[in-house]
Protein chains: 2
Amino acid sequence: MDQRVIGFGYSLTTGESIEWDANNCPIRDVMNQISGKWSTLILHALSERPYRFGALRRLVPDISQRMLTQTLRDLQRDGYIDRTVFPTKPPSVEYSMTPLGYSLFNALSQVLMWAERNHGEVRDARARFDATEGGV
Amino acid sequence: MDQRVIGFGYSLTTGESIEWDANNCPIRDVMNQISGKWSTLILHALSERPYRFGALRRLVPDISQRMLTQTLRDLQRDGYIDRTVFPTKPPSVEYSMTPLGYSLFNALSQVLMWAERNHGEVRDARARFDATEGGV
DNA sequence: CACCGTGGTTCCCTTTTGGTAACTTGCTCC
DNA sequence: GGAGCAAGTTACCAAAAGGGAACCACGGTG
């Protein structure tokens, strides 16, 4: 098997040439997590302040209980958020962002702000494309 | 249907309170495109310089022809890349990044660089999590 | 006692995503 | 005339992601 599998040809930080196999590519690994349907929503909410499970559900009403649990577990697993159980009358659970999570979200928010600012242009491009390619 | 569907509670740029329904949420819309398995790889390659179809295949050997075509179409549709056909002997097609694409990639590269730098820490967190939650 | 609110888990099903392989059009090379 | 390259398209499938509804334990409350 002399066929190389390339992740990214060179490092974005150092510029040096690197070859990653698909299983060890940092970018695929990290992107894979934040590309979940709900991950950015949850990270965004928790970047503001800690929230309890129920509060997050109310913040993002169209998420299912199942997906909320799963998304939170995945984010916790990668070290982006902390899960703290408080032994209250009905035990409550609070989720909060870790320093690692904040530092990721800091970078990620660049993309989110870009999206907010340029959404109109993207929609326009899409409409133009659909008009020409689709109609003709 | 008086249940509101919230995208993000407030604007990241202006801080004002906003409610988006899921179909008009800029962030979901843009993230949805970026989160494809191959999108970032292709954007990354084309941020360096224009490439032809075949060259992209060679750069990313584990992408199938079908997915390469589809990813390129999607990126073109949203206005991130241009597709130029050259009437050479066998007609060749060159893909290049648009200004819109560059501006997106500029924001996105923050995340990619973060991933490169912090991949180790993420892997560590994951290992710790698997050791405690998984083993007990 | 039955019911509510916590924060989940489980099962099952549908949708989406991506992979494989074969076929296409036009031209060139041998 | 067959083979090959360019850039796709098409049909068919497998895997993964996600949705829906039901279930759990716990204590408090009417």
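Because only heavy atoms are used, hydrogens play no part in the values below, and waters and symmetry mates are left out as well, while side chains stay in. Residue numbering restarts at 1 for every chain, and letters A, B, ... go by the order of the sequence lines.
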How long is the line joining OH of B:Tyr51 and C1' of D:dA7, in whole Å? 19 Å

Compute the angle between the rotation axes at the two ends of the helix from C:dC1-D:dG30 to C:dC30-D:dG1, each taken over five pairs, rounded to 10 degrees. 30°

Of the listed C:dT9, C:dT6, D:dG8, the closest approach to the B:Phe53 side chain comes from D:dG8

Looking at A:Arg83, I'd like to know whether one of its side-chain N or O atoms comes within less than 4.0 Å of OP1 or OP2 on C:dG8. yes

When the distance from CZ of B:Arg73 to P of C:dT17 is rounded to whole Å, what number comes out? 18 Å

Which atoms of nucleotides 16-18 of chain D (N or O only) lie under 3.5 Å from a protein N or O atom, and what are those distances?
from	atom 1	to	atom 2	distance (Å)
D:dG18	OP1	A:Lys37	N	2.9
D:dG18	N7	A:Arg66	NH2	2.8

For B:Ile63 and C:dT17, give me the distance from atom CD1 to atom P, rounded to whole Å. 15 Å

Between A:Tyr51 and A:Glu48, is any pair of side-chain heavy atoms under 4.5 Å apart? yes

Validation: residues 100-107 of chain A side-chain donor-acceptor distances under 3.5 Å, sequence neighbours left out:
from	atom 1	to	atom 2	distance (Å)
A:Ser103	OG	A:Leu100	O	3.4
A:Ser103	OG	B:Trp114	NE1	2.5

Using atom CG of A:Asp74 as one end and atom P of C:dT9 as the other, report the distance to the nearest whole Å. 12 Å

Do you reckon B:Val85 sits in the same ILVMFWY cluster as B:Leu75, going by side-chain contacts under 4.5 Å, direct or chained? yes

Expressed in angstrom and rounded to an integer, what is the separation of B:Gln65 atom CD from D:dA11 atom P? 16 Å

Polar atoms only, N or O, under 3.5 Å: list the protein pairs with nucleotides 24-30 of chain C and their distances.
none

A:Arg73: what forms a side chain to side chain donor-acceptor pair (under 3.5 Å) with it, not counting sequence neighbours? none

Hey, does A:Tyr95 reach any base, or is it just sugar-phosphate, or nothing, if we go heavy atoms under 4.0 Å? sugar-phosphate

Separation of A:Met31 atom CE from C:dT17 atom P, in whole Å? 15 Å

Contact check, side chains of B:Ile42 and B:Leu46, non-hydrogen atoms, under 4.5 Å: yes

Interatomic distance, A:Arg28 CZ vs C:dG18 P [rounded to whole Å]: 12 Å

Applying a 4.0 Å non-hydrogen cut-off, can you work out what A:Arg57 is touching in the nucleic acid: base, sugar-phosphate, or nothing? nothing

Under the side chain to side chain donor-acceptor pair (under 3.5 Å) rule, collect the residues that match up with A:Gln65, sequence neighbours excluded. none

Spacing between A:Phe86 atom CZ and C:dG8 atom C1', to the nearest angstrom: 18 Å

Show your reasoning for whether side-chain contact (heavy atoms from CB on, under 4.5 Å) applies to B:Gln110 and A:Leu108. CA-CA 7 Å; B:Gln110 298 291 317; A:Leu108 183 59; over 6 Å; no

Looking at B:Arg57 and B:Asp62, is there a salt bridge between them, counting it only when a charged N and a carboxylate O are closer than 4.0 Å? no

Under 3.5 Å, is there a donor-acceptor pair between the side chain of A:Ser92 and the main chain of A:Thr88? no

Would you call B:Asp29-A:Arg126 a salt bridge at under 4.0 Å N-O? yes

Under 3.5 Å, side chain of B:Thr71 to main-chain N/O of B:Ser39, donor-acceptor pair present? no

Have a look at A:Ser92 and say if it touches a base, only the backbone sugar-phosphate, or nothing, with a 4.0 Å heavy-atom cut-off. sugar-phosphate

Nucleotide of D:dA22, D:dT9, C:dT6 approaching A:Arg52 most closely (side-chain heavy atoms): C:dT6

Keeping B:Thr98 on the side-chain end and B:Tyr80 on the backbone end, is there a donor-acceptor pair under 3.5 Å? yes

